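Worth knowing before you read on, the calculation uses all heavy atoms, side chains too, and leaves out hydrogens, waters and symmetry mates. It should be emphasised that the depicted structure is a prediction, and the values quoted were computed from it without experimental measurement.
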Amino acid sequence: MNEQTKKEIERRRTFAIISHPDAGKTTLTEKLLLYGGAIQSAGSVKGKQSDRHAVSDWMELEKQRGISVTSSVMQFEYNGYCINILDTPGHQDFSEDTYRTLMAADSAVMVIDAAKGIEPQTRKLFRVCAKRGIPIFTFINKLDHEARDPFDLLDELEREFGIGTYPMNWPISCGVTFKGVYDRRERAIHTFDNFHGGRGKIAAISCDLSDTEKLDALIGENLRRELCEQVELLDGASFDFDLDAIAHGKLSPVYFGSALNNFGVEDFLAGFLEMTAAPLARESADGTTISPFDDAFSAFVFKIQANMNKAHRDRIAFMRICSGKFERGAEYYHIQGKRPVKLSRPQQMMAQERAGIDEAFAGDIIGVFDPGVFSIGDTVCAKEKKVAFAGIPTFAPEHFAMIEQIDSMKRKQFAKGMEQIAKEGAIRIFFEPDGGFERVVVGVIGVLQYDVLKFRMKSEYGVEYLHRELPFQYIQRIADDAVQISKLDLTSDTRAVRDVMGHTYLLFTGQWSIRWAQEHNPSLVLLDFDRSGND
Ligand code: G4P
């Protein structure tokens, strides 16, 4: 590999940003982009009441609901680093999307609301990160509001997640009396000042804890005493700073700050960059380690999105480059399609803005035009050195609904829309034979996905439909697709459906019906919903 390419890869950092909704993920992302000069002015408020929306929000529906439905990718430069941020939807109904996004990241930044601590969605996402053993950085946000005791917060992280924490800085009070943070490495106080409205940078005031007079003038005597005690406690009782433990996700560096006020954000970014390494090596499906510095290009698709922008009616496959260098116009090989491909219209994303690119490097996320050939989990690699990455697991749907088209003149659009949206992996489509006719059953993980489907079918394909929720909660695949359903002894509330690949599934309303099916049909083999990503 030539030196130039190696250098480019070494300066890449690709991370996902995760949080429970409302903890401040979008605000933090905006501030990071602001530092990188990627945006000029962050809409520092986002939400239902606001008409300025976070740059990472794509869809109209997201704006209406004030939530991030889809994850987006943003690249920016900072201090010689090339940073790729993967934004993730915070809402639990879209956790599968988040899960896939985390597969494409080398580390994660977890944003926590200082008043709330760990919330359900943080817990869930953390588990995914922990499974991959990627470094996890914690940003405890909203110190300008009343917050929980910082020791309590750290204790909760350690107890619930079973990891160590290392506070990089320490808050001096919170809410209306919030004075700033003490930087443990610099041994300096960064005083909080919110009148610049979060737009300015904050100059640290160096002050040793033994300089009582200066400290008293800065934060007052009471807070000075408290700070000194707490710092002593921390130095004595907390985990040692250990880069190796950080690299393996066993120790999380913790920063306290206020994203909205731009307080602690740049220190966080600088510390993060210093503590994270270049893109991680990946394992192929057969267990071979693929180094990012391998000459041969390889990448996997972790996300597909159609009609991101109404002006471009298109489908974009997002790939994480795992090794080598991508070059526009070069011919690569699509493992699952078993054929050479040219990746056309390669681009990098900045929320709604897209920039065409000529090259990209391991660690980068690129979007390419997808004429309908890619599926999530697919590998694209150099023709000369074929490699396949393991597919991305999929989750079983937990909610099902019958969908019936209203306008039979729009059959084609209906079929096309359903097929395209299903290919993105957010919903699953099944068919239920009904006489000579087939009914469409949609399966989703979270009910908000129904709203997304309805909204997108109408706005992108001009199709409206009737929607009726079904009582099923479980889905199991029948191992042998040739089984005759009518010959099976099933409870009356069990239903059989088929997917586009022709696989047959049973839908159950409860565990009891599953047990019945197993006990009354000894030769019936039921499989868990396909977790290979190839269903
Ligand atoms: P999310 O992406 O994690 O869902 O959170 P987001 O950044 O949208 O932030 C959620 C709310 O918290 C926003 O309020 C935002 O302005 C606010 N926020 C973010 N960081 C801070 C902080 O450091 N301090 C304070 N005080 N607030 C912060 P909103 O949507 O504009 O309005 P509302 O939800 O408060 O009504």
Side-chain angles (χ1 to χ4, degrees), residues 59 61 65 69 91-97 306-307 394-478 481 483-514 516-517 524 526-530 535:
M59 286 161 54
L61 184 76
R65 287 186 172 261
V69 174
H91 198 283
Q92 58 167 3
D93 283 9
F94 304 98
S95 46
E96 189 168 13
D97 199 35
N307 308 336
T394 55
F395 298 117
E398 289 167 21
H399 305 271
F400 299 87
M402 177 87 76
I403 281 188
E404 220 175 298
Q405 215 182 321
I406 297 172
D407 183 353
S408 58
M409 300 295 283
K410 292 195 171 165
R411 262 181 93 144
K412 251 190 170 160
Q413 289 97 311
F414 179 77
K416 186 172 167 206
M418 293 299 271
E419 190 205 314
Q420 289 216 342
I421 296 174
K423 268 210 154 177
E424 292 174 22
I427 58 160
R428 317 254 170 241
I429 300 180
F430 304 96
F431 303 94
E432 187 192 11
D434 181 18
F437 189 72
E438 265 187 335
R439 293 208 262 200
V440 179
V441 173
V442 171
V444 296
I445 295 170
V447 290
L448 258 184
Q449 282 166 333
Y450 287 145
D451 296 3
V452 176
L453 178 67
K454 197 162 209 148
F455 180 87
R456 292 190 54 186
M457 286 296 282
K458 181 152 189 256
S459 72
E460 293 165 25
Y461 301 93
V463 176
E464 290 184 84
Y465 55 77
L466 296 174
H467 165 109
R468 186 160 56 85
E469 281 182 43
L470 301 170
F472 308 110
Q473 291 181 42
Y474 301 96
I475 180 164
Q476 299 253 300
R477 183 169 154 198
I478 297 184
D481 290 322
V483 160
Q484 268 189 288
I485 305 295
S486 56
K487 301 247 164 78
L488 295 177
D489 180 359
L490 301 168
T491 53
S492 61
D493 56 358
T494 300
R495 241 186 251 178
V497 292
R498 168 185 77 64
D499 69 7
V500 276
M501 308 287 287
H503 301 314
T504 309
Y505 298 81
L506 291 178
L507 301 181
F508 301 98
T509 54
Q511 290 290 350
W512 182 79
S513 312
I514 302 180
W516 177 285
L524 177 70
L526 291 177
L527 308 171
D528 276 344
F529 187 79
D530 187 350
D535 52 303

Determine the minimum heavy-atom distance between Ile429 and Met418, stating which atoms define it.
-> CD1-O, 3.1 Å
Of all the heavy-atom pairs spanning Glu438 and Pro433, show the shortest one and how long it is.
-> CG-CA, 4.3 Å
Is there side-chain contact between Ile485 and Ile478, with at least one heavy-atom pair below 4.5 Å?
-> yes
Could you check whether the rings of Phe430 and Phe400 sit parallel, tilted or perpendicular, using 30° and 60° as the cut-offs?
-> tilted
Between OG1 on residue Thr504 and CG on residue Asp499, distance to nearest 0.5 Å = 8.0 Å
State, with a plain yes or no, whether a side-chain heavy atom of Thr494 is found less than 4.5 Å away from one of Trp516.
-> no
How long is the gap from CG on Leu526 to CZ on Phe508, to the nearest 0.5 Å?
-> 5.0 Å
Roughly how far, to the nearest 0.5 Å, is the NZ atom of Lys458 from the CD atom of Glu464?
-> 4.5 Å
Is there a side-chain contact between Pro471 and Asp493 (heavy atoms, below 4.5 Å)?
-> no
Would you say the side chain of Asp528 lies within less than 4.5 Å of the side chain of Gln476, judging by non-hydrogen atoms?
-> yes
Of the non-hydrogen atoms in Met457 and Ile421, which two are nearest, and what is the gap between them?
-> SD-CD1, 4.0 Å
Carefully, step by step, assess Arg428 and Ile475 under the rule side chain to side chain contact (heavy atoms under 4.5 Å, CB included).
-> CA-CA 11 Å; Arg428 317 254 170 241; Ile475 180 164; over 6 Å; no
Hey, can you tell me if Tyr505 and Phe529 have their rings parallel, tilted or perpendicular (30° and 60° cut-offs)?
-> tilted
Do the side chains of Leu453 and Ile403 get nearer than 4.5 Å, heavy atoms only?
-> yes
Is there a side chain to side chain donor-acceptor pair (under 3.5 Å) between Glu469 and Tyr450 once you walk through the steps?
-> CA-CA 10 Å; Glu469 281 182 43; Tyr450 287 145; 5.0 Å; no
Audit row: Tyr465, Lys454, side chain to side chain contact (heavy atoms under 4.5 Å, CB included) steps and yes/no | CA-CA 8 Å; Tyr465 55 77; Lys454 197 162 209 148; 3.5 Å; yes
With Phe472 as partner, the option from Val441, Leu507, Leu506, Val497 fulfilling side-chain contact (heavy atoms from CB on, under 4.5 Å) is Leu507
Atom pair CZ/NE2 of Arg498 and His503 - distance to nearest 0.5 Å = 11.0 Å
Distance-minimising heavy-atom pair for Met402 and Glu432 | CE-OE1, 3.8 Å
Salt bridge flag under 4.0 Å for residues Arg468 and Glu404 = no
Supply the atom-to-atom distance Met501 CE to Asp481 CG, rounded to the nearest 0.5 angstrom.
-> 10.0 Å
Separation between CD (Glu460) and NZ (Lys416), nearest 0.5 Å, reads 10.5 Å
